[in-house]
Engineer: 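Take a look at this one; I'll ask things after.
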Amino acid sequence: MSAAEEKVTVIGLGPMGQAMARLFLAAGREVTVWNRTRSRADALVAEGARRAETPADALVASELVVLSLTDYAAMDAILGGESDALAGRTLVNLSSDTPDATHEAARWAQAHGAVFLVGGVMVPPPMLGGEDAYVYYSGPADVFASYEKTLGLLGTPRYVGEDPGAAQLLYQAHLDVFLTALSGIAHAVTLVGTAGVSAAEFLPDALVTLATTDAMTGLSETGAAAFDDGVHPGDLSTATMMGATAAHILGASESAGVDTALPRAVLSYYERAIAAGHGKDGWTSIIEVMRSR
């Protein structure tokens with residue numbers, strides 16, 4: 001372990017930040033912590049962490065500074081006035097935001113003499129540090145290599161390139177899948193609820209449907225090629241077939257008197273794909289209309 005890796009600062013002590021700090025402590029790192037709400041650091045201090053009294057104190061305590069905040073605006077609010085303390089620090093921002101905000105933050109850090117690494121943590125706090133945990137990183141390759149061992153305590157590091165926005169984009173893409181699926185589940189529960197079916201009764205089978213989506217569609221076998229190559233075989237299901245199903249879901253929602261925003265959005269992709277000549281192509285052809293806004 002290099003001298004630079006012996007110390008680490010964690011700024012932001014929500015559930016994720018606290019889990020990170022504990023993993024660093026368990027691995028023998030000297031951990032400094034700071035949070036707007038001072039009491040959130042109490043348990044960590046009792047476990048051996050050092051409490052920073054100010055953001056500047058937190059920055060100067062370690063070369064490696066891990067940020068676990070709500071978004072990049074929070075970073076700016078906390079560190080924006082600490083230009084003197086930023087020089088020589090490596091900021092590893094594991095907060096969520098847009099790639100554009102990430103690029104701007106990287107330029108800001110560089111202007112203040114700091115190095116900026118971006119990360120996307122792909123598991124919730126209880127899974128952090130476990131065998132299934134992984135984290136996307138992007139930014140300067142040499143800097144990432146210098147801290148890879150320490151960052152690896154959080155989960156398997158997956159370095160995705162020099163572009164600071166790369167890790168953020170992948171992180172948001174995964175959340176796109178996650179949040180869209182959650183919305184679909186909530187909408188389906190609402191729909192069956194109008195017929196007196198409880199969520200407790202419906203949800204187990206719905207989760208099986210979600211888990212077996214790949215088996216039903218062959219997505220992992222054929223989806224990547226279709227999306228990448230633009231060839232959409234319609235041997236299993238066509239855009240027309242799926243569009244008809246989407247229309248039925250919309251109709252059922254309208255009849256039940258539940259919100260129709262989600263099914264309308266889904267149907268619109270199939271309608272536009274069909275209008276673009278993809279009616280006999282596979283359902284993956286909806287990506288063609290997503291690409292051309």
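Residue numbers run from 1 in the order of the sequence given.
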Engineer: For F178, check side-chain contact (heavy atoms from CB on, under 4.5 Å) against everything at least two apart and list the hits.
Structural biologist: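 Counting only residues at least two positions away or on another chain, F178 forms a side-chain contact (heavy atoms from CB on, under 4.5 Å) with L175, L182.
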
Engineer: Remaining members of I249's ILVMFWY cluster at a side-chain heavy-atom cut-off under 4.5 Å?
Structural biologist: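 ILVMFWY cluster around I249 holds nothing else.
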
Engineer: For residues 226-252, pull every pair meeting salt bridge (charged side-chain N to carboxylate O under 4.0 Å, His left out), keeping only residues two or more places apart or in separate chains.
Structural biologist: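 Output for this query is empty, none listed.
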
Engineer: Please check if the side chain of T238 supplies one atom and the backbone of G234 the other of a donor-acceptor pair under 3.5 Å.
Structural biologist: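 Between the backbone of G234 and the side chain of T238 there is no qualifying donor-acceptor contact (under 3.5 Å).
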
Engineer: Applying side chain to side chain donor-acceptor pair (under 3.5 Å) as the test, list every pair that has at least one member in residues 155-167; sequence neighbours left out.
Structural biologist: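 Every side chain to side chain donor-acceptor pair (under 3.5 Å) pair that includes a residue of residues 155-167, provided the two are not neighbours, is H103-D163.
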
Engineer: Got a sec, which residues hit side-chain hydrogen bond (donor to acceptor under 3.5 Å, both in side chains) with Q172, two or more places apart in sequence or on another chain?
Structural biologist: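 Per chain and number, Q172 pairs via side-chain hydrogen bond (donor to acceptor under 3.5 Å, both in side chains) with S96, Q168.
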
Engineer: Taking the side chain from T9 and the backbone from A58, do they hold a donor-acceptor pair closer than 3.5 Å?
Structural biologist: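 Checked: pair present.
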
Engineer: If we ignore hydrogens and angles and just use 3.5 Å, is the side chain of T54 paired with the main-chain N or O of D57 as donor and acceptor?
Structural biologist: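 Indeed, once roles are kept as given, a pair shorter than 3.5 Å links the two residues.
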
Engineer: How close do T102 and P164 get, counting heavy atoms only, and between which atoms?
Structural biologist: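 Between these two residues, the closest heavy atoms are CG2-O, 3.3 Å.
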
Engineer: Do S255 side-chain atoms and A252 backbone N/O form a donor-acceptor pair below 3.5 Å?
Structural biologist: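 No, the answer is negative, given that no donor and acceptor are paired below the 3.5 Å cut-off.
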
Engineer: Rounded to the nearest 0.5 Å, what separation is found between the CE atom of M122 and the CG atom of D132?
Structural biologist: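 Separation between the atoms: 13.0 Å.
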
Engineer: Which residue pairs pass the side chain to side chain donor-acceptor pair (under 3.5 Å) test when at least one of the two sits in residues 133-143, sequence neighbours left out?
Structural biologist: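 Sorted result for residues 133-143: Y136-H174.
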
Engineer: Give the other cluster members for L69, using side-chain heavy-atom distances under 4.5 Å between Ile, Leu, Val, Met, Phe, Trp and Tyr residues; answer none if it is isolated.
Structural biologist: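 Besides L69, the hydrophobic cluster comprises I11, W34, L59, V65, L67, Y72, M75, I78, L79, L86, L91, W108, F116, V118, listed by chain and residue number.
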
Engineer: Any sub-3.5 Å donor-acceptor pair from D214's side-chain atoms to S220's backbone N or O?
Structural biologist: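 Yes: the side chain of D214 pairs with the backbone of S220.
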
Engineer: With sequence neighbours left out, write down each residue that passes side-chain contact (heavy atoms from CB on, under 4.5 Å) with A256, or none if nothing qualifies.
Structural biologist: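 Residues passing side-chain contact (heavy atoms from CB on, under 4.5 Å) with A256: L191, T194, V258.
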
Engineer: Checking one residue: I274. Which other hydrophobic residues are in its cluster under the side-chain 4.5 Å linking rule?
Structural biologist: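 Joined to I274, directly or through intermediates: none.
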
Engineer: For the residue pair S83 / H112, report whether a side-chain donor-acceptor contact shorter than 3.5 Å exists.
Structural biologist: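 Note: H112 and S83 side chains miss the donor-acceptor criterion.
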
Engineer: Other than L236, what residues sit in its cluster of Ile, Leu, Val, Met, Phe, Trp and Tyr side chains whose heavy atoms are under 4.5 Å apart, directly or through others?
Structural biologist: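 For L236, no cluster forms, as it stays isolated from other hydrophobic side chains.
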
Engineer: Carefully, step by step, assess R50 and E30 under the rule salt bridge (charged side-chain N to carboxylate O under 4.0 Å, His left out).
Structural biologist: CA-CA 8 Å; R50 171 184 173 271; E30 296 180 34; over 6 Å; no

Engineer: Using modelled atom types only, decide if a donor and an acceptor are shared between the side chain of N35 and the backbone of R40 within a distance under 3.5 Å.
Structural biologist: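 It does not hold such a pair.
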
Engineer: I'd like to know if the side chain of R89 reaches the main chain of S62, judged simply by a donor and an acceptor atom lying under 3.5 Å from each other, with no hydrogens or angles considered.
Structural biologist: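 The answer is yes, because a donor-acceptor pair under 3.5 Å joins these two groups.
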
Engineer: Looking at residues at least two apart in the chain, or sitting in another chain, which of them share a side-chain contact (heavy atoms from CB on, under 4.5 Å) with L250?
Structural biologist: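 Partners of L250 by the side-chain contact (heavy atoms from CB on, under 4.5 Å) criterion, ordered by chain and then number, come out as E254, T260, P263, R264, L267.
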
Engineer: Check for a donor-acceptor pair, side chain of S68 on one end and backbone N or O of L94 on the other, with a separation under 3.5 Å.
Structural biologist: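 Not a single qualifying donor-acceptor pair exists.
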
Engineer: Can you confirm whether the side chains of N93 and S95 place a donor and an acceptor under 3.5 Å from each other?
Structural biologist: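 Result is yes, a qualifying pair exists.
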
Engineer: Strictly below 4.0 Å, N to O, side chains only: are D42 and R51 in salt-bridge contact?
Structural biologist: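 A salt bridge links D42 with R51.
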
Engineer: For V192, give me all partners under side-chain contact (heavy atoms from CB on, under 4.5 Å), at least two apart in sequence or on another chain.
Structural biologist: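 V197, F202.
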
